[in-house]
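Encoded as structure tokens, the structure appears first; notes follow it.
The chains referred to below are lettered A, B, ... by the order of the sequence lines, with proteins before strands, and numbering in each begins at 1.
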There are 2 protein chains.
Amino acid sequence: MPTPELPAVVAAVHDIWMRTNDLLGQALASHNLTPATFQALWVLDPAEPPPSMKVMAERLYCNAPNLSFITNQLTDRGLVERAVDPADRRSRVLLLTDKGRRVRDELVRTALEKTPLAALSDEELRQLKPLLDRAVASG
Amino acid sequence: MPTPELPAVVAAVHDIWMRTNDLLGQALASHNLTPATFQALWVLDPAEPPPSMKVMAERLYCNAPNLSFITNQLTDRGLVERAVDPADRRSRVLLLTDKGRRVRDELVRTALEKTPLAALSDEELRQLKPLLDRAVASG
DNA sequence: CACGGTATTTCGATACTCGAAGCATTGGTA
DNA sequence: TACCAATGCTTCGAGTATCGAAATACCGTG
């Protein structure tokens with residue numbers, strides 16, 4: 001017996017996500033990017049060690065061929081580079097270029113401005129975060 | 001100056017959404033459906049008056065040609081039908097077939113079982129809903 | 001050094017998304 | 001009434017996205 005609030009919560013998550021993408025469309029287009037390529041950029045945190053293709057595919061819930069395609073889009077646009085992992089020469093790690101870092105910074109900032117979630121107060125976001133984190137951690 | 005929690009909340013929403021889709025993959029494939037066609041089915045509530053193509057496109061944040069394509073996928077599979085709106089003969093409304101109603105019921109139920117949000121308690125969902133609703137309403 | 005296993009890429013097929021152009025219908029206006 | 005700009009939808013063509021199967025390169029073990 002599902003909780004009566006669950007359908008509305010799922011619908012709200014979908015709506016927020018789709019609208020964030022929608023509102024970001026102009027900014028993405030100005031760099032010749034798309035939701036898929038931006039998500040790859042998003043999960044490529046310059047403050048963390050460069051992830052392998054495998055790790056990136058897990059972060060994006062896509063398979064290896066798909067990630068190869070997305071990576072090619074980003075390298076074609078000069079935003080990321082592949083490098084052989086010296087510890088395991090089968091593996092390629094993804095590095096942001098300087099341009100990639102700049103574009104990522106700009107787009108992440110725009111996304112955080114435009115998302116409907118930006119309408120919430122600090123207090124509300126502090127309430128929201130642990131709840132969503134618990135759902136994320138449940139997997 | 002963005003709230004420090006905002007990036008994590010946006011990331012969590014993305015993650016929950018992607019994972020819901022991912023976990024639903026098998027169930028969708030068993031009906032020859034995809035995330036895009038399922039979303040159309042999801043927003044086609046049999047309890048509400050049948051929406052026009054225009055309204056559907058707004059609900060899905062896509063444009064008219066895209067919705068025409070998705071609608072064709074669903075009619076090809078016998079799940080929805082187009083009907084001329086008698087009040088405005090330019091407009092087509094979308095009707096679920098009997099099969100469409102059955103498939104939708106089954107998949108919505110599966111989605112609500114599999115989504116990471118199902119791990120939250122009634123109490124947590126009751127806290128979550130008004131926060132997300134406020135973000136949704138902000139647009 | 002052979003061999004099964006792993007990381008990635010390539011290939012081919014299907015699905016998705018969009019802008020531009022076209023068709024039918026509507027509502028306003030002269 | 002006759003026109004016509006606006007509206008709702010579809011078609012078309014092009015680029016993007018996603019996947020399964022097969023190929024390639026490398027790893028570790030025996």
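- Between L24(B) and F38(B) there is a side-chain heavy-atom pair separated by less than 4.5 Å.
- Rounded to whole Å, atom P of dA15(C) lies 18 Å from atom CG of L60(B).
- Side chain of R19(A) to backbone of P116(A): no donor-acceptor contact under 3.5 angstrom is found.
- Residue contacts for D88(B): at a heavy-atom cut-off of 4.0 Å it reaches the sugar-phosphate backbone alone, with no base atom in range.
- The interatomic distance linking M53(B) (CE) with dT10(D) (C1') rounds to 8 Å, in whole Å.
- Here dT10(D) presents its P atom at 13 Å from CG of L74(B), a figure rounded to the nearest Å.
- A distance-only check finds no donor-acceptor pair linking the side chain of K114(B) to the backbone of D22(B) [under 3.5 Å].
- Here dC9(D) presents its P atom at 17 Å from CD of E81(B), a figure rounded to the nearest Å.
- The 12-atom threshold is not exceeded at CD of Q26(B), counting heavy atoms of other residues, nucleotides or ligands nearer than 6.0 Å.
- Between R82(B) atom CZ and dG8(D) atom P there is a gap of 16 Å when expressed in whole angstrom units.
- Separating the CD atom of E58(B) from the P atom of dT7(D) is a distance of 13 Å, rounded to the nearest angstrom.
- Using a 4.5 Å heavy-atom cutoff, the side chains of L107(B) and L33(B) are in contact.
- Atom CG of N72(A) is separated from atom C1' of dT9(C) by 9 Å (rounded to the nearest Å).
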Taking protein heavy atoms under 4.0 Å as touching, what does nucleotides 13-19 of chain D look like 5' to 3' if B marks base contact, S marks sugar-phosphate-only contact and - marks none? ---SBBB

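- Close to dA7(C), at under 4.0 Å from its OP1 or OP2, lies no side-chain N or O of S91(A).
- Note on D98(B) versus R101(B): salt bridge recorded, some NZ/NE/NH1/NH2 to OD/OE distance being below 4.0 Å.
- Following rounding to the nearest Å, D76(A) (CG) and dT9(C) (C1') show an atom-to-atom distance of 15 Å.
- The closest side-chain donor-acceptor pair between T34(A) and T37(A) falls under 3.5 angstrom.
- Comparing K54(A) and R90(A) by the nucleotide of DNA chain C whose heavy atom lies nearest to each, the residue mapping closer to the 5' end is R90(A).
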